[in-house]
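Computed from a prediction, not measured in an experiment: that's the story for all the values here. We use all heavy atoms of the structure for the numbers below, so side chains are in, but hydrogens, waters and symmetry mates are not. Residue numbers begin at 1 in each chain, while the letters A, B, ... track the order of the sequences.
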Amino acid sequence: MNSKNTDNQAFSNLIISWYRENPRELPWRETSDPYKIWLSEIILQQTRVAQGLPYYYAFVQNYPTIKDLAHASESEVLRLWQGLGYYSRARNLHSCAKYIWDEFEGKFPSTYETLLRLKGVGSYTAAAIASFAFGEVKAVVDGNVFRVLSRYFGIETDIATGKAKKEFEILANRLIPKENPGEFNQAMMDFGARLCVPKNPDCTQCPFQGSCFAKKNGLVSQLPVKINKTKVKDRKLEYAVIKCGEHWVWKKRGSGDIWTGLHDFPLLEQENFPFDTSYKLQPFPKRYRHILSHQKLDAGFSEIIIPSEQHPHLAQWCEEEGYLLVSEKEMEYLAKPKLIVNFLNDHGI
DNA sequence: TTCCAGCGCG
DNA sequence: CGCGCTGGAA
């Protein structure tokens, strides 16, 4: 055995023993059911544990097995996902459940390579499911792993690049032990989430103080290197809140833009907006700001009251233009983006 | 108010 | 490489 392997073993032993002393107790760690592990990993993509936890409980409660999820409707799944963001995760989740139920009799794919073919499952999630549920020796590389390894080994590659992804995957796969790969992966992520945190980590508590490159060289605050070039565009939305008796006009959003599959209202800037002259537009004074990953939204709402006797006419227009006429009772069950939920809350809905 | 953390797709 | 969301911290 050469010294590299000895070092690797020392690293994995140390991080695993840290993990055994400091485990987070999480419900998806109590199971080896690949369905529940997959569900938890999709929820946790781009999402903190504290925020994802209630959604995990809700999904397990509503859909205890992949069969239950496969037999649900997409709109129901989106409604349960409401507020969590990145809604394509929910659409992919549901579509995968149907696919696995229909094509594989509900038997979950069990290898890294086959998991990777599932929509919404990339290299991180495939490695997580393969190692946690099936014991495959495959290292996860997420934001935590980038941080831990870049600091410990002093790697200065910009972690936003594809080059870094390859480099860190190779390194992590050299470190992962064959005996308990899943535990090593959990350990790396917990260590990054709880001790080797992005800002002001408490290095005095760290088992790697003596060997960490960043610690020894005073580079902890500089690593990992991440060049942030996300540019955010400004965008204005002018919503028409069209009410007729107990009914409101809604729009189910299509693909190719934000909030695919969720519901909001007709936009005034729409070409074919019909109620140009005949009805009074009452703008609400309050505007709503909402930040997405690449857009800064500034939304205004104007109310339009349609007399009840116009209901049939309005219903026909909705039919023709692809809008939904929904009663206040039924609105509750539509999946809506946070911005719209905020607006409704302000109006006691 | 701004900044930042957190993967996958086309 | 541009794009998709929200919440919590600075």
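Distance, I340(A) CD1 to dT6(C) P: 10 Å, rounded to whole Å. Between the CH2 atom of W81(A) and the P atom of dG4(C) there is a distance of 18 Å, rounded to whole Å. Atom CD1 in I159(A) sits about 8 Å away from atom P in dA5(B), given to the nearest Å. The separation between N342(A) atom CG and dC5(C) atom C1' is 13 Å, rounded to whole Å. The nearest whole Å value for the distance from the CG atom in D257(A) to the P atom in dG10(B) is 16 Å. For the pair Q46(A) CD and dC9(B) P, the computed distance is 12 Å after rounding to whole Å. Look at CG on L93(A): it is 17 Å from P on dC7(B), rounded to the nearest Å. Taking atom CG on N92(A) and atom P on dC9(B), their separation rounds to 7 Å, with Å as the unit.
Within residues 141-154 of chain A, the residues approaching DNA chain B are D142(A), G143(A), N144(A), R147(A), by heavy-atom distance under 4.0 Å.
One hydrophobic cluster holds both I349(A) and L324(A) under the rule that ILVMFWY side chains link at heavy-atom gaps under 4.5 Å. Connection of F104(A) to W38(A) is established within a shared hydrophobic cluster, with ILVMFWY side chains joined at heavy-atom distances below 4.5 Å, either directly or through further cluster members.
Under the 3.5 Å distance criterion, with hydrogens and angles disregarded, no donor-acceptor pair is assigned to the side chains of K36(A) and T31(A).
Among the protein residues, L118(A) comes within range of the sugar-phosphate backbone only, with heavy atoms under 4.0 Å from sugar or phosphate atoms but none that close to a base. As judged by a 4.0 angstrom heavy-atom cut-off over every strand, I258(A) is placed among residues touching the sugar-phosphate backbone only. At a threshold of 4.0 angstrom between heavy atoms, the contacts of K296(A) with the nucleic acid are absent. At a threshold of 4.0 angstrom between heavy atoms, the contacts of K165(A) with the nucleic acid are absent. The residue R48(A) sits close to a base: some heavy atom pair falls under 4.0 Å.
Nearest nucleotide to the side chain of Y124(A), out of dA5(B), dC7(B), dT6(C): dC7(B). Side-chain proximity of K338(A) to dG7(C), dA5(B), dG4(C): nearest is dG7(C). Among dG4(C), dC7(B), dG7(C), the nucleotide with an atom closest to any side-chain atom of S293(A) is dG4(C). Of the candidate nucleotides dG4(C), dG8(B), dT6(C), dG8(B) has the atom lying nearest to any side-chain atom of S123(A). Set against dT6(C), dA5(B), dG6(B), the side chain of K226(A) has dA5(B) as its closest nucleotide.
Distances shown here put a side-chain N or O of Q45(A) below 4.0 Å from the OP1 or OP2 atom of dG8(B). A sub-4.0 Å separation between OP1 or OP2 of dC3(B) and a side-chain N or O of K199(A) is absent. Put simply, Q51(A) has no side-chain N or O that comes within less than 4.0 Å of OP1 or OP2 on dG8(C). For H290(A), a side-chain nitrogen or oxygen approaches OP1 or OP2 of dT6(C) to under 4.0 Å.
For a distance-only test at 3.5 Å, the side chain of H294(A) qualifies as a donor-acceptor partner of the base of dG4(C).
Taking the six-membered ring wherever Trp is involved, the centroid distance between the rings of F213(A) and F153(A) does not fall below 6.0 Å.
K329(A) and E246(A) are not joined by a salt bridge, as no carboxylate oxygen comes within less than 4.0 angstrom of a charged side-chain nitrogen. We find that E303(A) and K280(A) are not joined by a salt bridge, their nearest charged nitrogen and carboxylate oxygen being 4.0 Å or further apart.
Position along DNA chain B of the nearest nucleotide to T47(A) versus V121(A) favours T47(A) as the more 5'-ward residue.
Residue D264(A) is tested with K252(A), K251(A), K336(A), R253(A) for a salt bridge (charged side-chain N to carboxylate O under 4.0 Å, His left out); the sole match is R253(A).
Counting only distance, with no hydrogens or angles, the side chain of D190(A) and the backbone of P23(A) share no donor-acceptor pair below 3.5 Å. No side-chain donor-acceptor contact under 3.5 Å links R235(A) to the backbone of A299(A).
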